[in-house]
Amino acid sequence: MDAARLLADQREIEGADLAGLSLGGHLAEDGPYVFTECDLTGADLAGASLVEAAFEGCVLEGADFRRADLDGARFSGGGGAGLRFGGADLVDAVFGDVDLSGAVFESALLTDASFTGCRMIGAVLSTCRGTGYRFDGCNLTLAELVGCSFRGLHLRGVRLDDANLSGCDFTKATFEDCRLIGARTVETVFAGADLRGADLGEVDDTRLRSLRGAVVSPVQAAAILALRGLTVN
């Protein structure tokens, strides 16, 4: 069965090879679709209407979801490098244990989207729109997060090593079992943030200025002062 007929006749699609196909124009309006363990490598879904669609254990390497309507969509397992979500609507979308390495979310609407246990190494979320998006147990090493707002959020198990956090707003955010080793924090705001549950690594003078107003532990404070030749007794 070809892709057009498959998408027209079925809403629950399992194990289909849809790699490299242009699918957006074949989607019916009376979804939602459920894709289970499908191969969507390099598939073109740009501009598609995928409200409340589910992608369960699918191979998504290089798939194009730019400008797609993915409000309420669910992604669980699977994934792949180089996904494109630029300009997509992802309000209330849920990502669980998905490989989003190198994924691009520039200008995507992420209001109340949640990411849990996702591999997001090198992901680009700069200029994303909306508030209330959440990360729990995600690896955002080397990610580009310029200008993102995490105001008031509780971040658990998030790895931000060598991430670009320039211009981010962490006002009153709480960090629990997180890492920010080597993170870039130019003009980043941590006012009222609780950093006691974060591994800050070595804090140079530039990073120290960005931490103004944050709460740190005595151990963290001693480590910061020790780098400057001072000893807390």
Side-chain angles (χ1 to χ4, degrees), residues 1-125 128-130 132-140 143 157-158:
M1 184 182 297
D2 63 29
R5 184 173 176 183
L6 177 66
L7 294 172
D9 294 345
Q10 300 181 33
R11 299 297 176 269
E12 297 186 6
I13 301 170
E14 184 172 357
D17 183 358
L18 303 171
L21 299 180
S22 180
L23 304 175
H26 301 304
L27 295 169
E29 296 181 358
D30 59 344
Y33 283 89
V34 178
F35 297 89
T36 303
E37 296 184 355
C38 294
D39 186 352
L40 289 155
T41 301
D44 183 359
L45 289 152
S49 177
L50 289 162
V51 175
E52 297 184 348
F55 298 85
E56 302 172 353
C58 294
V59 180
L60 299 170
E61 185 167 356
D64 187 356
F65 290 96
R66 288 177 297 173
R67 304 178 307 284
D69 187 350
L70 289 156
D71 288 354
R74 296 180 292 108
F75 294 79
S76 57
L83 274 157
R84 290 175 286 174
F85 291 99
D89 285 347
L90 287 157
V91 175
D92 292 320
V94 176
F95 294 82
D97 299 312
V98 184
D99 184 358
L100 296 169
S101 299
V104 178
F105 291 88
E106 285 183 320
S107 299
L109 181 60
L110 296 179
T111 298
D112 294 329
S114 66
F115 300 83
T116 303
C118 295
R119 177 182 170 89
M120 303 181 73
I121 297 172
V124 179
L125 292 99
C128 67
R129 298 171 291 135
Y133 39 85
R134 301 174 298 281
F135 298 90
D136 191 350
C138 295
N139 187 346
L140 284 152
V158 179

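The structure presented is a predicted model; accordingly, all values stated were derived computationally and were not measured.
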Notebook entry, point to check: Hey, which of Tyr133, Phe85, Phe95, Phe75 is the one that makes ring pair (Phe, Tyr, Trp, His ring centres under 6.0 Å) with Phe115?
Noted result: Phe95

Notebook entry, point to check: Any idea which heavy atoms bring Leu70 and Ala88 closest together, and the distance?
Noted result: CD1-CB, 4.5 Å

Next item on the list: Using the salt bridge (charged side-chain N to carboxylate O under 4.0 Å, His left out) rule, collect all pairs that involve residues 100-112, keeping only residues at least two apart or in two chains.
Entry: none

Checklist line | Heavy-atom pair of closest approach, residues Ile13 and Ala16 | finding: CG2-CB, 3.6 Å

Notebook entry, point to check: Between Ala43 and Leu18, what is the shortest heavy-atom contact and its length?
Noted result: CB-O, 3.9 Å

Next item on the list: Measure across Tyr33 and Ala28 and return the closest heavy-atom pair with its distance rounded to 0.1 Å.
Entry: OH-N, 2.8 Å

Notebook entry, point to check: Can you tell me how far SG of Cys138 sits from CD1 of Ile121, rounded to the nearest 0.5 angstrom?
Noted result: 11.5 Å

Next item on the list: Output, in order, the C-alpha distance, side-chain angles, deciding distance and verdict of side-chain contact (heavy atoms from CB on, under 4.5 Å) for Arg11 and Asp30.
Entry: CA-CA 9 Å; Arg11 299 297 176 269; Asp30 59 344; 2.6 Å; yes

Checklist line | Euclidean distance, Leu110 CG relative to Asp92 CG, rounded to 0.5 Å | finding: 11.0 Å

Notebook entry, point to check: Of the non-hydrogen atoms in Leu90 and Ala108, which two are nearest, and what is the gap between them?
Noted result: CD1-CB, 4.3 Å

Next item on the list: Could I get the full list of side chain to side chain donor-acceptor pair (under 3.5 Å) partners for Asp99, not counting sequence neighbours?
Entry: Ser101

Next item on the list: State the CG-CG distance between Asn139 and Leu100, to the nearest 0.5 angstrom.
Entry: 11.5 Å

Next item on the list: Report the relative orientation of the aromatic rings in Phe55 and Phe65; use parallel for angles under 30°, tilted for 30 to 60°, perpendicular for over 60°.
Entry: perpendicular

Margin query: Restricting to non-hydrogen atoms, name the atom on Ala48 and the atom on Gly24 that form the minimum distance, rounded to 0.1 Å.
Written below: CB-CA, 4.0 Å

Notebook entry, point to check: Do any pairs count as a salt bridge (charged side-chain N to carboxylate O under 4.0 Å, His left out) and have a residue in residues 48-67, sequence neighbours left out, and if so which ones?
Noted result: Glu56-Arg74, Asp64-Arg66, Asp64-Arg84

Item checked: Asp89 and its side chain to side chain contact (heavy atoms under 4.5 Å, CB included) partner, picked from Val51, Asp71, Leu50 -> Asp71

Note to self: For the backbone of Ser107 and the side chain of Arg129, can you confirm whether one donor and one acceptor N or O come within less than 3.5 Å of each other?
What the structure shows: yes

Next item on the list: Report yes if the side chains of His26 and Leu21 come closer than 4.5 Å at any heavy-atom pair, otherwise no.
Entry: no

